[in-house]
J.: 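Quick one: the structure is below, and I'll ask about it shortly.
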Protein chains: 2
Amino acid sequence: MYESLALEHSSTVDRAAEVLRQALFAGDLAPGTPLREIALADQLGIGRSSVREALGVLIAEGLVTRIPHRGVVVTELDPAQIHDVVAVRLVLETAGAHAWPGATDEARGAVRASMADYRRLAQVGAPARQITEAHLAFHRSLVALTGSRRLVAVADQVSAEIRLALAHLDRLRLNAVEQVAEHQALLDRLETGDTEGVASALVAHLDDAETSLVQTLYVAEP
Amino acid sequence: MYESLALEHSSTVDRAAEVLRQALFAGDLAPGTPLREIALADQLGIGRSSVREALGVLIAEGLVTRIPHRGVVVTELDPAQIHDVVAVRLVLETAGAHAWPGATDEARGAVRASMADYRRLAQVGAPARQITEAHLAFHRSLVALTGSRRLVAVADQVSAEIRLALAHLDRLRLNAVEQVAEHQALLDRLETGDTEGVASALVAHLDDAETSLVQTLYVAEP
DNA sequence: ACTGTCTGATTGTCAGACAATCTTCGGACG
DNA sequence: CGTCCGAAGATTGTCTGACAATCAGACAGT
């Protein structure tokens, strides 16, 4: 009963930012869509200044972009940006994998737990969005192996960008079970200390992710 | 004359944020100092809403911290945070060093140029603050080898945190020439493809930086 | 010395206002 | 026919003023 009370304490701005964030992740707002301050203030029932602050939060997260005197629009990731995001993930997760031997038991346990979660959801045939969450949680847990608050924060940020890009891709149909196997193999290599194998598996996996994302976004339909 | 004008064309908020940022880097504001919105609005001659937005920018950069209903204070880095910052730098710069062979000629040239700049300033006996700038620029150029916009942005952010921590340390008297030699050795190893040597040199250098920073901050004077 | 309360200061939020700037649209002009 | 121009409307950027909620410190009572 103590914790629940603590969580209620959120500001108007935080709540507004969260509502908008979820709308973005849900794909309610297509990339390029302008977010009008007054309209949002009316819809959310809050003042324009609060909307402005909430947008500032989302801008800092890279989910939306401010164009001076023209407003805020939902960020669109072009192939170059996707490549950049993948490059960041590669660096972060490689660092995480490298830190496996020296990581805390908790951090290693979290990797195993998120993997188990991921596999379970995929086998049960859970909704795609849920599987994606578990998938991203696994990658996050890799970065958490470094034990660095800041690196995890960066991972969360790029993760949010990916979620945004994924929001409009019901088309992105990957073989979930196969994907799970790929990740399980990665974890196995971690467990056996096959650092080299982990690194190459990461490169391969992220490379795959990039090409399939870019293809789905920019080849199948312009 | 074009650039200067371009810089003038910034918003009130951007200018306010920049003024505060420079004040922080100059050490005008000690860690823990509260930044009062009304006072700042008066001093800067702008509205409270603009001050609020500018503070939001600095909060996103980690230079100041908002405590709900209590205001914004200049961030203080405890040893754990310093360690975290160093960990991030190690990851980023290792990634940069790793990317040396595949980096663009421009990126490699930038590393050489910043090194030359750094050495020149140290030999001439330039003011410490200027040498520090060159030093940080060199490390930034390492990260830029990755070619990733986002990684460089992260590097800039932690660099800003370091600048803030350094702002109050006129005491931190390092042998500039010796430092330069250390960095030059690192660059030499990059040029000769001694990846292993680069990695260990980076670890050593950053480790040194961390211990001397922590010592100066927390041992010499509580 | 401990505790409850009061007061002043500060933040969080809103509403309204207005200049500056952007977009749009229709018309003038070459 | 296409381009350029200007007016109208919309939107942002910024300021001012306001007020409830919350916090810090003083103060008084036990």
Side-chain angles (χ1 to χ4, degrees), chain A residues 2-21 23-24 28-76, chain B residues 2 4-21 23-24 29-76:
Chain A
Y2 284 111
E3 300 132 85
S4 62
L5 282 179
L7 290 180
E8 300 288 353
H9 267 303
S10 61
S11 69
T12 300
V13 171
D14 287 342
R15 265 173 287 132
E18 183 58 26
V19 168
L20 292 175
R21 209 179 282 120
L24 290 169
D28 297 344
L29 301 162
T33 307
L35 300 182
R36 296 275 119 88
E37 297 178 357
I38 299 178
L40 287 177
D42 290 346
Q43 288 171 17
L44 298 174
I46 62 180
R48 188 153 80 96
S49 22
S50 298
V51 169
R52 219 145 200 291
E53 263 192 74
L55 289 177
V57 172
L58 298 182
I59 289 169
E61 291 173 4
L63 299 178
V64 301
T65 307
R66 157 157 285 143
I67 307 171
H69 290 287
R70 290 227 248 147
V72 171
V73 301
V74 180
T75 303
E76 6 194 5
Chain B
Y2 282 112
S4 61
L5 280 180
L7 290 180
E8 301 288 352
H9 258 305
S10 54
S11 67
T12 301
V13 171
D14 287 341
R15 265 174 286 132
E18 183 58 25
V19 168
L20 292 175
R21 207 178 285 122
L24 289 169
L29 301 162
T33 307
L35 300 181
R36 296 272 118 91
E37 297 178 357
I38 299 178
L40 287 177
D42 290 346
Q43 288 172 19
L44 299 173
I46 63 181
R48 188 154 80 98
S49 24
S50 299
V51 170
R52 218 145 200 291
E53 263 191 73
L55 289 177
V57 172
L58 298 182
I59 290 170
E61 291 174 2
L63 299 178
V64 300
T65 306
R66 158 157 285 142
I67 307 171
H69 290 288
R70 291 227 247 145
V72 172
V73 302
V74 181
T75 303
E76 3 194 8

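Chain A is the first sequence line, chain B the second, and so forth, proteins listed ahead of strands; every chain is numbered from 1.
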J.: Taking CD1 from A/I38 and C1' from C/dC14, how many angstroms apart are they, rounded to a whole number?
T.: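 Result: 14 Å.
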
J.: Okay, side chain of A/S10, backbone of A/R15: is any donor-acceptor separation there less than 3.5 Å?
T.: no

J.: Could you check how far CZ of B/R52 sits from C1' of D/dT16, rounded to whole Å?
T.: 16 Å

J.: How far does CG of A/L20 sit from CG of A/L44, to the nearest 0.5 angstrom?
T.: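 Going from CG on A/L20 over to CG on A/L44, the span is 6.0 Å.
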
J.: Starting the side chain at C-beta, find the nucleotide from C/dT13, C/dG12, D/dT14 nearest to A/S50.
T.: C/dT13

J.: So which of residues 57-66 of chain A are in contact with DNA chain D, with a heavy-atom cut-off of under 4.0 Å?
T.: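 When residues 57-66 of chain A is checked for heavy atoms under 4.0 Å from DNA chain D, the hits, listed by number, are A/R66.
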
J.: Write down the distance between CD1 (A/I46) and P (C/dT13), rounded to a whole number of angstrom.
T.: 9 Å

J.: How long is the line joining CD of A/E53 and C1' of D/dT14, in whole Å?
T.: 14 Å

J.: Taking atom CZ of B/R66 and atom CG of B/L58, what is their separation to the nearest 0.5 Å?
T.: 10.5 Å

J.: Output yes when A/R21 and A/E18 qualify as a salt bridge under the 4.0 Å nitrogen-oxygen rule, no when they do not.
T.: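 A salt bridge is present here (some side-chain N lies under 4.0 Å from a carboxylate O).
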
J.: Measure from the side-chain heavy atoms of B/R70 and tell me the nearest of D/dC23, D/dT12, D/dT16.
T.: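 For the B/R70 side chain, the nearest candidate turns out to be D/dC23.
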
J.: 5'-most contact on DNA chain C: A/S49 or A/P68, nearest heavy atom basis?
T.: A/S49

J.: Among the nucleotides C/dC14, C/dT11, D/dC15, which one has an atom lying closest to any side-chain atom of A/T12?
T.: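 Of all the options, the side chain of A/T12 is nearest to C/dC14.
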
J.: Check every atom of D/dT14, D/dC15, C/dT11 against the side chain of B/V13 and return the nucleotide holding the closest atom.
T.: D/dT14

J.: Where do A/R70 and A/R36 come nearest, in terms of heavy atoms and distance?
T.: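 Result for this residue pair: O-NH2, 3.6 Å.
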
J.: For nucleotides 17-21 of chain D, give me every protein contact, N/O to N/O, under 3.5 Å, one pair per line with atom names.
T.:
| from | atom 1 | to | atom 2 | distance (Å) |
| --- | --- | --- | --- | --- |
| D/dA18 | N6 | B/R48 | NH2 | 3.2 |

J.: Quick one: pull up CD in B/E76 and OG1 in B/T33 and give me the separation to the nearest 0.5 Å.
T.: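 Spacing of CD (B/E76) from OG1 (B/T33) equals 8.5 Å.
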
J.: What is the separation between atom CD1 on B/I67 and atom P on C/dT10, rounded to the nearest whole Å?
T.: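 Result: 15 Å.
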
J.: Rounded off to whole Å, could you give me the CG-to-P distance for the B/L35 and C/dG12 pair?
T.: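 Rounded to whole Å, this separation is 13 Å.
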
J.: Please report, rounded to the nearest Å, how far the C1' atom of C/dG12 is from the CG atom of B/L55.
T.: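 After rounding, the gap between these two atoms is 13 Å.
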
J.: Rounded at 0.5 Å granularity, tell me how far CG in B/L29 sits from CG in B/L63.
T.: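 Between B/L29 CG and B/L63 CG, I get 11.0 Å after rounding to 0.5 Å.
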
J.: Evaluate the criterion side chain to side chain contact (heavy atoms under 4.5 Å, CB included) for residue pair B/L24 and B/V64; output intermediate values, then yes/no.
T.: CA-CA 9 Å; B/L24 289 169; B/V64 300; 4.1 Å; yes

J.: So, B/S50 side chain and B/V13 main chain: donor-acceptor pair closer than 3.5 Å or not?
T.: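 It does not hold such a pair.
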
J.: Applying a 4.0 Å non-hydrogen cut-off, can you work out what A/R36 is touching in the nucleic acid: base, sugar-phosphate, or nothing?
T.: sugar-phosphate

J.: What is the distance from CG of A/D14 to P of C/dT13, rounded to the nearest Å?
T.: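 Checked: the CG to P distance equals 8 Å.
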
